[in-house]
Number of protein chains: 2
Amino acid sequence: MNKHQALSAGKAESLQQITDAAAQCFMAKGLEKATIDDIADVLGATKGRVYHHFRSKNAIYFAVHRQAMQYCFDAVEPVLKQDIPADEKLFRMAVAHAHVMMDTLPYQRSIRLGVDIYLRGPTTQAEREVLTELIEQRNGYENLFRDVLRSGKAAGTLDVPNVDLAGRAVMGALNGLVDWYRIRPDQSAADRAAIADGLAHTIIYGIKA
Amino acid sequence: MNKHQALSAGKAESLQQITDAAAQCFMAKGLEKATIDDIADVLGATKGRVYHHFRSKNAIYFAVHRQAMQYCFDAVEPVLKQDIPADEKLFRMAVAHAHVMMDTLPYQRSIRLGVDIYLRGPTTQAEREVLTELIEQRNGYENLFRDVLRSGKAAGTLDVPNVDLAGRAVMGALNGLVDWYRIRPDQSAADRAAIADGLAHTIIYGIKA
DNA sequence: AGACCAACATTCCCGGTAGTATGCTAACCT
DNA sequence: AGGTTAGCATACTACCGGGAATGTTGGTCT
């Protein structure tokens, strides 16, 4: 057993509390307007705690980004391993992705706020490397969808003239969730399932009668 | 003829130059990281010129936002007036919207950067009112699409169980353009047309074989 | 031709924020 | 038991950007 972790939460847990709070603040105020003090306030703590665990504000954002991607992978990869036709697989992946968007909303919104902003800023060399790592991670994730599109095209179950473009459309429709979805106390798991299924259906089958 | 406008560009033109530069900076650096000096630099001028025309940075953003919405309305409304079936109308509206996204990219990207950020900030009462006006403008625009979805549903040419959800999916797939589309010097009008048509086709007809 | 004003440029100030340096305390080790 | 260190809090600094005050210039009107 490590130090200081009998009563006081443990290191990994404390870290996640910080990223949770950060994701919340980023969603509420945007990347720049959210201050370290804001994050600390949510925790009922001060900057000291935050800077004890993270070198810089960018480092916090990177941690949030990485965690957000991890949530996505964890949700979609089980579907990938299923031995089902590509069209059905894509449908289930879309549903799973939509659920993750809603379940981890603060994290997923945070993703959209940064990325390209940090391409220009006076980021250090180390930060730039981490950033490219995050971009590659995201490309890898979207490639999971493109691969399924390709195999469905090859099998003849999917009609995809342009895989890249179709992939963009699919991801766009799904990721758009974080722009308009709002967490409401009166909504049930069934409501979220209806949203996820409805979105996936619209994407796969279109809206033409 | 007004003053000072024989050789030196004219007021309206000077205004548009500023919003153009602002949209460029917002796209490149984000809303907060883009400074007034950045905007002035793009113009080859100084803050004086900018602050002569705009009260605050927010005012600039509002002007950019309004102009961006205007571009959208101008592109889509002609299609709305056409006397064609709802499914075909929606297709053409989607194509028109996609073209506007690409043609006025800096403006459209700027839209995504702000909105909710300014919901919390220490904006004045006047600014808050302008903001709600912009939001209503955007809702009105998206309602154009929802209306067509509804009439297509009524006519039986569109299969839309949930109009709101389908509208979200359509707008999400189209607006996603501003996240991944990059202006390249070697791309022709035909390339952009292929993107617009391909996106619209995917949305209306889906990807199921 | 001289007053006048729009359209800028220059200069300065002040609030706010990322980051740092240091202080404090309670757990663990030996 | 006292030294050590993790895990914070407190106090402080340096800097940067928004916005305002003020200066400058060139065209216009009478």
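Residue numbers start from 1 in every chain, and the chains themselves are labelled A, B, ... in the order their sequence lines are given, proteins ahead of strands.
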Checklist outcome for this item: In whole angstroms, the gap separating P of C:dC8 from CG of B:L43 amounts to 10 Å
Checklist outcome for this item: Across all chains, not counting sequence neighbours, the ring pair (Phe, Tyr, Trp, His ring centres under 6.0 Å) partners of B:H99 are none
Item to check | Close side-chain approach of B:I195 to B:L177, heavy-atom, < 4.5 Å | outcome: yes
Checklist entry - B:K29 NZ to D:dG18 C1': how many Å, rounded? => result 15 Å
Checklist entry - Side chain of B:Y51: nearest nucleotide among C:dA9, C:dG19, D:dG19? => result D:dG19
Item to check | Side-chain N,O (B:H53) to OP1/OP2 (C:dC8) below 4.0 Å | outcome: yes
Next on the checklist: Check this one for me: any side-chain N or O of B:S56 less than 4.0 Å away from OP1 or OP2 of D:dA20?
Outcome noted: no
Item to check | Side-chain N,O (A:H52) to OP1/OP2 (D:dA9) below 4.0 Å | outcome: no
Checklist entry - Starting at the 5' end of DNA chain C and moving along, which residue's nearest nucleotide shows up first, A:T35 or A:G48? => result A:T35
Item to check | B:Y107: ring pair (Phe, Tyr, Trp, His ring centres under 6.0 Å) partners, not counting sequence neighbours | outcome: B:Y71
Next on the checklist: What is the separation between atom CZ on B:R49 and atom P on D:dG19, rounded to the nearest whole Å?
Outcome noted: 19 Å
Checklist outcome for this item: B:K57 NZ to D:dG19 C1', in whole Å, measures 12 Å
Item to check | Check: A:H65 ring centre within less than 6.0 Å of A:F26 ring centre | outcome: no
Item to check | Rounded interatomic separation in angstrom, taking CD from B:E32 and C1' from D:dC16 | outcome: 14 Å
Checklist outcome for this item: Separation of C:dT17 atom C1' from A:I39 atom CD1, nearest Å, is 12 Å
Next on the checklist: Base, sugar-phosphate or nothing for A:A59? Non-hydrogen atoms, less than 4.0 Å.
Outcome noted: nothing
Next on the checklist: Within the structure provided, determine whether A:L134 and A:M69 are in side-chain contact (heavy-atom separation under 4.5 Å).
Outcome noted: no
Checklist entry - What is the nucleic acid contact for B:T46, judged by heavy atoms within less than 4.0 Å: base, sugar-phosphate only, or nothing? => result base
Next on the checklist: From C-beta outward on B:K47, which listed nucleotide comes closest to its side chain: D:dC8, C:dA6, D:dA20?
Outcome noted: D:dA20
Next on the checklist: Applying a 4.0 Å non-hydrogen cut-off, can you work out what A:A40 is touching in the nucleic acid: base, sugar-phosphate, or nothing?
Outcome noted: nothing
Checklist entry - Rounded to the Å, how far apart are B:D38 CG and D:dC16 C1'? => result 12 Å
Next on the checklist: Could you tell me how far apart B:N58 (CG) and D:dG18 (P) are, to the nearest whole angstrom?
Outcome noted: 11 Å
